[in-house]
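This report concerns only the one structure given below.
Hydrogens, waters and symmetry mates are skipped; everything else that's a heavy atom, side chains included, is used. Model, not experiment: these values are computed from the prediction.
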Amino acid sequence: MNIEHSLSQEIQQAFQSIFEVTIELPSLQATNKEFEGDYTLVVFPFTKTLRQKPEDIASKLGEYLAENSPQIASFNVVKGFLNLVLKENTWKKALEYIQQQPSYGNAPAKNQKVMVEFSSPNTNKPLHLGHLRNNFLGDSISRILEANGYEVIKANLINDRGIHICKSMVAYEREGNGESPQSSGIKGDHLVGKYYVEFDKALRQETKVLHEAIFRSVEQPDTPYKVAFPEAAQKKIDAILAKIKTQKDSKKISELEGDLKQIVQNQTFLMREAKDLLQKWEAGETETYALWQKMNGWVYEGFEETYQKIGISFDKVYHESETYLLGKDIIQDGLEKDVFYQEEDGSVWIDLTANKLDKKLLLRSDGTSVYMTQDLGTADLKYKDFQIDKSVYVVGNEQDYHFNVLFKILEKLDRPYSKGLYHLSYGMVDLPTGKMKSREGTVVDADDLVNQMLEIAKQKTDELGKADDFEPEALQKLYHQIAIGALKYYLLKVDPQKRMMFNPEESVDFEGDAGPFIQYNFARISSLLRKAESLGIKKDGFDGYSDLKPSEIALIQIIYNLPKKIEEAAQNYSPSIVAQYAYEVAKTYSKFYNDCPVLVAEGEAAKSFRLMLSAQTAQVLEKTMNLLGIEMPEKM
RNA sequence: GCAUCUGUAGCUCAACUGGAUAGAGCACCAGACUUCGGAUCUGGGGGUUAGGGGUUCGAAUCCCUUCAGGUGCACCA
């Protein structure tokens with residue numbers, strides 16, 4: 001049953017009969033609230049071919065349809081808009097149809113596999129607010145794709161190696177004194193993060209000292225450098241110093257000073273130590289490897305706890321330590337296919353200037369690989385592992401360019417999966433105070449945030465006193481459902497690609513356009529259903545019910561849209577469509593609930609009808625919220 | 001500088017991908033319940049859709065341009 005589709009067909013037929021023209025299946029829109037009608041056809045596009053006034057076309061169509069369509073009750077024409085009013089019976093049938101669908105809203109199986117890669121944390125510090133947006137988006141889009149008939153593989157590619165991890169390791173070696181999560185009582189990922197911060201602090205201190213030493217030597221040339229830089233670094237430093245001298249533009253000068261600082265930083269003892277450790281790791285040195293494993297193990301334990309708390313899980317976990325060497329065979333393949341080219345120094349590149357992109361390095365002159373090489377290799381690996389038809393990468397929009405290039409290369413290499421690649425790019429999460437900066441300690445920690453939300457959910461629930469009769473365990477579960485529900489809804493309701501504002505005060509607002517509001521409506525319906533059960537009121541047997549109220553029809557209409565919305569969300573890779581829809585449903589129900597008594601309605605048919613409508617609404621609410629990864633409490 | 005994304009009510013966000021008088025929530029003001037859960041419902045004020053041009057029956061949406069902001073432009077990851 002598809003009301004819209006059959007209406008479109010009838011309109012198509014009408015054009016044939018009245019005007020003797022064949023048109024494409026016309027698309028309809030929902031009629032605006034201010035006009036009478038359910039669906040609207042815009043007739044402006046047809047004026048050209050028919051050479052008639054829009055009003056005339058609309059009227060003729062309307063008259064024809066009112067006479068010949070079994071579902072249309074009446075029509076009205078406003079300018080070039082033909083508003084169609086459906087028969088009440090159509091909506092009653094729609095409700096019956098919804099009720100009969102075993103998994104209403106889901107699309108049939110597509111027999112296609114899609115991998116969604118998300119989360120992908122670094123193992124040098126705990127998760128923060130930005131990761132939460134990523135995790136929620138990835139989890140939700142996985143569920144949405146699944147509802148659309150795909151077989152989904154949720155993948156996490158953990159960045160467990162590299163210089164940043166070595167930094168934590170250096171700091172731990174220097175001042176760790178054998179501290180562990182057990183001995184300190186600090187969650188593993190936070191403990192490792194603590195050492196990362198300490199490294200950074202010490203590094204900045206050392207950099208500052210070195211940096212100042214250089215400038216002292218410039219102002220007082222007779223004062224020798226306190227430190228001896230390697231020749232190459234010294235050359236760069238001198239070059240920049242010379243540029244600074246002749247530069248007048250203060251902006252350029254500060255840029256140059258930034259460059260200088262970077263070079264100096266790389267010459268610090270600490271940085272050299274970290275790089276040294278990285279080399280040892282790559283060489284597989286036993287001691288380094290053991291420390292790396294130990295610290296990463298702590299981080300995994302910490303992550304696992306957080307993932308569990310926020311309800312995130314994966315089907316496949318990749319580790320960069322196992323994939324970072326991949327991709328070299330692809331370089332050879334690309335060279336043979338003439339997609340890549342080699343410079344005289346042996347480095348390998350791809351020229352994408354014809355595609356409005358740049359030239360991109362794929363292999364260093366010393367034969368070692370870069371980030372892109374690794375990503376190429378991992379893409380192949382994913383395909384080899386699962387024969388996926390589609391591959392979604394949930395990664396922040398600062399990597400838009402990288403993925404443009406990556407996908408373009410895979411396309412040129414003619415990979416079988418290249419047409420199914422999608423970068424689900426999302427914007428940063430800002431705070432009212434501005435950007436999150438780890439330097440300035442303005443990063444919102446994921447665990448802290450979750451705990452805060454839990455505390456507020458508890459406060460609010462206890463204050464209202466509606467869950468006073470709960471067992472302690474059930475109560476904890478409820479706090480959790482509300483807290484996580486509020487947080488997920490808040491982060492998912494915004495269009496992914498837009499950067500968004502995280503206002504802590506607003507996020508804990510449980511009224512209006514918020515997760516708990518939607519949960520509340522579900523709980524209200526659950527309460528109705530429980531009562532109906534005990535009163536012996538049945539949901540079916542509403543055949544005789546007629547004269548539907550506007551808020552009843554509005555509710556049927558909106559829950560009837562579920563399949564369309566789920567499809568739209570998948571096509572746009574946008575959980576926000578589902579979130580907004582869930583809110584609309586809840587709001588529409590709330591109005592219905594206010595307008596129409598259910599259990600105390602006049603007449604058994606009315607009771608049954610409204611109860612059925614409520615039950616179906618509850619299912620739609622639960623379904624949509626589950627697509628966002630949000631659980632629904634039956635009491636709250 | 002080049003590339004790219006964004007700019008909508010005081011604030012946070014929508015607008016079915018070009019359709020009617022641009023809508024919600026928060027905040028503010030005023031109302032509703034001798035009925036099933038008030039984490040509710042109704043009403044009100046609040047807009048030159050950053051500015052300017054263009055395309056057409058019709059533009060927040062498409063094109064050009066200016067302005068403002070974000071991000072990216074390493075033989076880093």
Side-chain angles (χ1 to χ4, degrees), chain A residues 27-35 40 42-45 47-48 54 78-81 83 122 159 161-164 262 266 320 324 343 345-349 356-358 361-372 374-375 396-402 404 425 427-428 430 432 435 460-461 463-464 466 482 490 493-495 497-503 505-507 509-514 516-521 523-528 531-532 535 561 564-565 568 571-572 576-577 580 583-584 587 590-601 607 610-611 614 635-636:
Chain A
S27 62
L28 297 168
Q29 50 180 304
T31 305
N32 280 15
K33 266 185 191 162
E34 57 218 281
F35 301 101
T40 295
V42 184
V43 298
F44 289 112
T47 51
K48 256 186 203 149
V78 183
K79 292 192 276 181
F81 298 88
N83 300 322
N122 292 354
N159 188 359
R161 66 161 285 279
I163 193 73
H164 44 282
Q262 196 64 43
N266 280 328
E320 266 196 36
Y324 82 108
E343 287 282 349
D345 61 3
S347 59
V348 177
W349 299 72
K356 289 188 75 179
L357 298 167
D358 267 323
L361 177 85
L362 299 171
L363 202 67
R364 294 194 192 102
S365 49
D366 64 3
T368 56
S369 56
V370 290
Y371 184 39
M372 187 62 78
Q374 174 188 330
D375 268 9
N397 62 10
E398 65 270 17
Q399 296 205 43
D400 282 356
Y401 186 79
H402 174 77
N404 268 336
S425 162
M428 288 179 126
D430 283 321
K435 257 179 81 167
K460 188 88 186 171
T461 304
E463 193 182 299
L464 289 171
K466 290 178 182 176
I482 294 173
Y490 188 87
K493 72 174 175 179
V494 181
D495 182 0
Q497 74 163 312
K498 290 190 177 168
R499 72 183 356 232
M500 67 174 291
M501 174 75 76
F502 182 84
N503 186 332
E505 283 174 33
E506 198 181 286
S507 68
D509 210 333
F510 289 174
E511 273 127 49
D513 187 6
F517 170 79
I518 302 168
Q519 291 172 321
Y520 171 71
N521 277 285
R524 255 198 321 201
I525 298 174
S526 303
S527 168
L528 276 184
K531 271 197 187 124
L535 292 171
N561 279 333
K564 218 170 94 184
K565 288 291 176 183
E568 199 186 322
Q571 270 166 5
N572 294 296
S576 72
I577 290 171
Q580 276 152 25
Y583 174 61
E584 288 298 324
K587 208 168 59 160
S590 211
K591 173 146 178 62
F592 157 83
Y593 185 85
N594 215 263
D595 291 351
C596 305
V598 179
L599 302 179
V600 286
K607 285 183 197 174
R610 289 175 182 169
L611 197 60
S614 297
K635 284 186 192 176
M636 67 185 279

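In plain terms, the two heavy atoms of A:Pro54 and A:Phe44 that are nearest each other are CG-CE2, 4.1 Å. Shown here for A:His402 and A:Met372, the closest heavy-atom pair between the two residues is ND1-CE, 3.3 Å. Closest of all the heavy-atom pairs between A:Pro516 and A:Ile482 is CG-CG2, 4.1 Å. Closest heavy-atom contact between A:Ser614 and A:Ile525: O-CG2, 3.3 Å. Across A:Met428 and A:Arg499, no two heavy atoms sit closer than the pair SD-NH2, 3.2 Å. Listed here is the closest heavy atom pair of A:Leu362 and A:Val370: O-CG2, 3.7 Å.
Checking B:U40, B:U35, B:C75 against the side-chain heavy atoms of A:Ser590 singles out B:U40 as nearest. Candidate nucleotides B:C75, B:A14, B:C36 were compared by shortest atom distance to the side chain of A:Gln580, and B:A14 ranks first. Taking the side chain of A:Lys635 as heavy atoms from C-beta on, and the options B:U35, B:G37, B:U6, the nearest nucleotide is B:G37. Set against B:U4, B:C41, B:G37, the side chain of A:Asp400 has B:U4 as its closest nucleotide. Closest to the side chain of A:Gln374, from the set B:A20, B:A77, B:C36, is B:A77. Of the candidates B:C76, B:U71, B:A15, the closest approach to any side-chain atom of A:Glu398 belongs to B:U71. When distances run from any side-chain atom of A:Met500 to the nucleotides B:C13, B:G19, B:G38, the shortest one goes to B:C13. Among B:G37, B:A14, B:A77, the nucleotide with an atom closest to any side-chain atom of A:Asp495 is B:A14. Each of B:A20, B:C13, B:G38 was ranked by its minimum atom distance to the side chain of A:Val494; first place goes to B:C13. Of the candidate nucleotides B:U12, B:C75, B:G37, B:U12 has the atom nearest to the side chain of A:Met501.
Aromatic stacking is not marked for A:Phe44 over B:G58, as the cut-offs of 5.5 Å for the centres and 30° for the planes do not both hold.
B:A30 and B:U42 make up a base pair, with Watson-Crick or G-U wobble contacts both under 3.5 Å. Pairing for B:G19 goes to B:C57, judged as Watson-Crick or G-U wobble with the two contacts each under 3.5 Å. Nucleotide B:A3 forms a pair with B:U71, judged by Watson-Crick or G-U wobble geometry with both contacts under 3.5 Å.
Contact between the side-chain N/O atoms of A:Gln29 and the OP1/OP2 oxygens of B:G19 is not found at any separation under 4.0 Å. In this structure, A:Arg499 does not reach the B:U4 phosphate: none of its side-chain N or O atoms is under 4.0 Å from OP1 or OP2. For B:G19, the OP1/OP2 oxygens have no side-chain nitrogen or oxygen of A:Lys79 closer than 4.0 Å. Note on A:Lys591: every side-chain N or O is 4.0 Å or more away from OP1 and OP2 of B:U40. Under 4.0 angstrom from either OP1 or OP2 of B:C76 there lies at least one side-chain N or O belonging to A:Arg364.
Below the 3.5 angstrom threshold, one finds a donor paired with an acceptor across the side chain of A:Asn572 and the base of B:U17. Below the 3.5 angstrom threshold, one finds no donor paired with an acceptor across the side chain of A:Thr47 and the base of B:C57.
In this structure, A:Ala532 reaches neither bases nor backbone, as no heavy-atom distance under 4.0 Å exists between it and the strands shown. At a threshold of 4.0 angstrom between heavy atoms, the contacts of A:Asn503 with the nucleic acid are absent. Among the atoms of the strands shown, base atoms are found under 4.0 Å from some heavy atom of A:Thr40. Base engagement by A:Ile482 is indicated by at least one non-hydrogen atom pair under 4.0 Å involving a base atom. Using a 4.0 Å heavy-atom criterion, one finds that A:Lys565 contacts no nucleic acid atom at all. Heavy atoms of A:Glu568 sit nowhere under 4.0 angstrom from any nucleic acid atom. Among the protein residues, A:Pro45 comes within range of the nucleic acid bases, having at least one heavy atom under 4.0 Å from a base atom. The residue A:Asp375 sits apart from the nucleic acid: no heavy atom pair falls under 4.0 Å. A:Phe81 comes within 4.0 angstrom of a nucleotide base, judged by non-hydrogen atoms across all strands. A:Val600 comes within 4.0 angstrom of a nucleotide base, judged by non-hydrogen atoms across all strands. Using a 4.0 Å heavy-atom criterion, one finds that A:Arg610 contacts no nucleic acid atom at all.
Interatomic distance, OG1 of A:Thr40 versus CG of A:Leu28, reported as 8.0 Å (0.5 Å rounding). A:Thr461 contributes atom OG1, which lies 6.5 Å from atom CE of A:Met636 (distance to the nearest 0.5 angstrom).
Comparing A:Gly162 and A:Thr461 against RNA chain B, the residue whose closest nucleotide sits nearer the 5' end is A:Thr461. Between A:Arg524 and A:Ser347, it is A:Arg524 whose nearest contact on RNA chain B lies nearer the 5' terminus.
Glycosidic conformation, B:U17: syn, with the torsion inside 90° of 0.
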Taking only N/O atoms, report every protein-nucleotides 22-31 of chain B pair under 3.5 Å with atom names and distance.
| unit_1 | atom_1 | unit_2 | atom_2 | d |
| --- | --- | --- | --- | --- |
| B:G25 | O2' | A:Asp513 | N | 3.4 |

For nucleotides 7-10 of chain B, print each protein N/O atom paired with a nucleotide N/O atom at under 3.5 Å, atom names and distance only.
| unit_1 | atom_1 | unit_2 | atom_2 | d |
| --- | --- | --- | --- | --- |
| B:G7 | OP1 | A:Lys498 | NZ | 3.4 |

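In terms of modelled atom types and a separation under 3.5 Å, the side chain of A:Asn32 and the main chain of A:Glu34 share no donor-acceptor contact. Side-chain atoms of A:Ser527 do not come within 3.5 Å of backbone N or O of A:Ala523 as any donor-acceptor pair. When atom types are taken as modelled, the side chain of A:Glu511 and the backbone of A:Phe517 share no donor-acceptor pair closer than 3.5 angstrom. Judged by distance alone, the side chain of A:Tyr490 and the main-chain N or O of A:Asp509 form no donor-acceptor pair under 3.5 Å.
Atom CG of A:Leu28 is separated from atom C1' of B:A20 by 16 Å (rounded to the nearest Å). Spacing between atom NE2 of A:His164 and atom P of B:A77 amounts to 11 Å, rounded to whole angstrom units. In this structure, A:Gln399 atom CD and B:G70 atom C1' are separated by 16 Å, rounded to whole Å. For A:Ile577 and B:A15, the CD1 to C1' distance is 12 Å, given to the nearest whole Å. If you take CD1 of A:Ile525 and C1' of B:U40, they are 13 Å apart, rounded to a whole angstrom. Rounded to whole Å, the distance from CG on A:Asn404 to C1' on B:U4 is 9 Å.
Residue A:Glu505 places its CD atom among 12 or fewer non-hydrogen atoms of other residues, nucleotides or ligands, all under 6.0 Å distant.
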